[in-house]
Amino acid sequence: MKTLLTYDTETTGLYRHDGDEMFAFSTCNKNPDGYGTTAVHRLDPPKARARASQARLDAIWSDTGKRRYAKVMHNARFDLGMTEKRLGRSLRGHEIHETMALSHIFQNLLPTHKLEYLGWELFGYDRKFDAPAHKYLNSERGMLDCPEEVLTPYQVADAERTHLLMHFFLPRIAQEGLQEVYDMERRLVWTTLTIEDRGVVVNRARCREMAEHYMKEADLARERFRTIAGYGVNPGSAKQLQYLLFKKMGFPVVKLTKKAKQPSTDAEALEALIQQTNHPIFAAILQIKAYSKAADVFAGYLDVSDDDGVIHPSIHPYAAKTGRESCSRPNLHNVSKETTRNVRYPVPARRVFKPKPGFVNFMLDYSGIEARILAHMSGDEGVIKIFQEGGDFHAVASEIFYGDMFRNATGAARKSLRDAGKNGDFRIGYGGGEDKLGGTIGIEQSLGVAAYRRFKARFPKYTNLNKRQAKEVRECGFVTTAFGRPLCVPADKAFAGTNYDSQGTAAGILKRAQNRIDEYFGTSEEGMVLPIHDELWIQWPRKRLREAKGMLRDVIAMMVDFPQISVPLEVEVKICTSDWNSAKEYEV
DNA sequence: AAACACGGCGCG
DNA sequence: AAAGCGCGCCGTGTTT
């Protein structure tokens, strides 16, 4: 194994695509016994020192150095991105270690994987250096504004804490059979770095129009609200709304909030009140909420995009307890759709996303991956067989649930029954009881119970999946994904084991697929630009559309090749030439 | 002023 | 006994 060298950068801010730069770094090459040195280097003036530090930086990241260290980082994507920017070249090929990934792999339920927290929790490492330095995180020039006598001990602390973490986790990787999982996450660092660098594009002019439009609409709705409620109530405050609607105006409480059990003012409750009372105040409130939020979203895209409309989101591979990725600045995982669900005032936010000039975006989507994974996890021969034979599990289930009502239905009626049946399948998979099924599939409760029992007789293992996993969680505290990754489940939520496993397995599929596809494209301009849980966007040059099908066949093959999963995976492709909202199905 | 909890809402 | 879950972001309201 290579010698380890811990490496940590200091920067003027968090966003390399938004002008921030590294100006210092620290290293630590101590061995587990503590022999070795921690060093602090600065690239800012005085000149002589900067030259020496630059030479050291070049040496660390040289490809010709006699001794190639494996560089150990905590949140490696950040340090690599900043360092690549400083050096003006890709650093692919260097062996790296990622202690944040290790922290997540070994303790997925921690509230945070920040270095100072881990240092304190695991080693009792003193946090006295942190607060004085952290004060400068949000200052104009970031840590560059931090006095050297404050920053230096902080740099030392960070390098040493990372170093301690690495030596703490290192022996456990192979011991606990997690080498493949860890290597996959290490590889994903480079994949994600490249995806973030490519970025996605928004139409800035359209963002501006939309922001203005929804600002006006929100103002109009506020006027309507005021003519009813007067000026005393802020419709953005659930608490004030609650007082107004249920105390002052005396509307019936239709739903309680989850934690505090207060009368809810969410869309579902307001929708129910519209049905019951037909009072205009509820539409006004729903409009204010939807439209003011929409205005913020579009303004946010303007804030984070460059002059060409390019957005470089932050993609976090270790944020979610289930091993899923998350996305921020902006969150591109929750961009609202125009249609789908029963939303009274939908916002077509997807219309502002477009391909980069000269490119199209292919959007590759696993079809029904959640149901397939549940089938796999359950080990239920009947369900698995349906998928293996290319059948429609939700239609089979709907037949069991509804009998002739489903068999004789056609067109839209059949589709709506199948959709409800599908909800029933998920509800059962995630542990919904027999008395819950009727409500989910829209039949009387006692008929629902009978339907549940018929389903259970046909698919016993599938029906018992959640119970088995909850038991497993209560006994050992974790579930294990199809890739052998253990995921701890909160002790008071053992029933969520099925969820952790299915999300974690789906995440494992997509992360591995991304790595393969990244290997295929490298750092070229064409390639992945966005992962969204069960979907991948690929930016592809318009001039090479003739070659697209070949590329897509290669990529799809990489996405579905998972012998760990006992049911086949399928991928659907859409092509986006104008905006996300009007992406069209694409035959491969 | 900053940190935290919560409600609410968008997506998968 | 009962329960889908996971995120990020925004605003409000409370606490420090």
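Letters go in sequence order (proteins before strands), and every chain restarts at 1.
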**Request:** Could you tell me if the ring centre of A:Tyr291 sits under 6.0 Å from that of A:Tyr214?
**Result:** yes
**Request:** Mind calculating the distance between NZ (A:Lys436) and P (C:dG4) to the nearest angstrom?
**Result:** 7 Å
**Asked** Do A:Lys259 and B:dC6 have a side chain to base donor-acceptor pair shorter than 3.5 Å?
**Response** no
**Request:** Could you check whether A:Ser264 gets within reach of a base, just the sugar-phosphate, or nothing at all, counting any heavy atom under 4.0 Å?
**Result:** sugar-phosphate
**Prompt:** Taking OP1 and OP2 of C:dG4, is either one under 4.0 Å from a side-chain nitrogen or oxygen of A:Arg427?
**Reply:** yes
**Under 3.5 Å donor-acceptor pair, A:Arg329 side-chain atoms to C:dG8 base atoms** = no
**Prompt:** Can you check whether A:Ser336 has a side-chain N or O nearer than 4.0 Å to OP1 or OP2 of B:dC11?
**Reply:** no
**Prompt:** Is any N or O donor-acceptor pair between the side chain of A:Asn499 and the base of C:dG4 shorter than 3.5 Å?
**Reply:** yes
**Prompt:** Which part of the nucleic acid, if any, lies within reach of A:Asn466 when heavy atoms closer than 4.0 Å are counted: base, sugar-phosphate only, or nothing?
**Reply:** nothing
**Request:** Tell me what A:Thr265 touches on the nucleic acid: a base, only sugar-phosphate, or nothing, going by heavy atoms under 4.0 Å.
**Result:** sugar-phosphate
**Message:** So A:Lys293, base contact, sugar-phosphate only, or nothing? Heavy-atom distance under 4.0 Å.
**Reply:** base
**Request:** Tell whether A:Asn334 reaches the base of B:dG10 with its side chain through a donor-acceptor pair below 3.5 angstrom.
**Result:** yes
**Message:** Using a 5.5 Å cut-off between ring centres and planes within 30 degrees, is A:Tyr430 stacked on the base of C:dG4?
**Reply:** yes
**Message:** At 4.0 Å (heavy atoms only), tell me whether A:Ala260 reaches a base, stays on the sugar-phosphate, or touches nothing.
**Reply:** sugar-phosphate
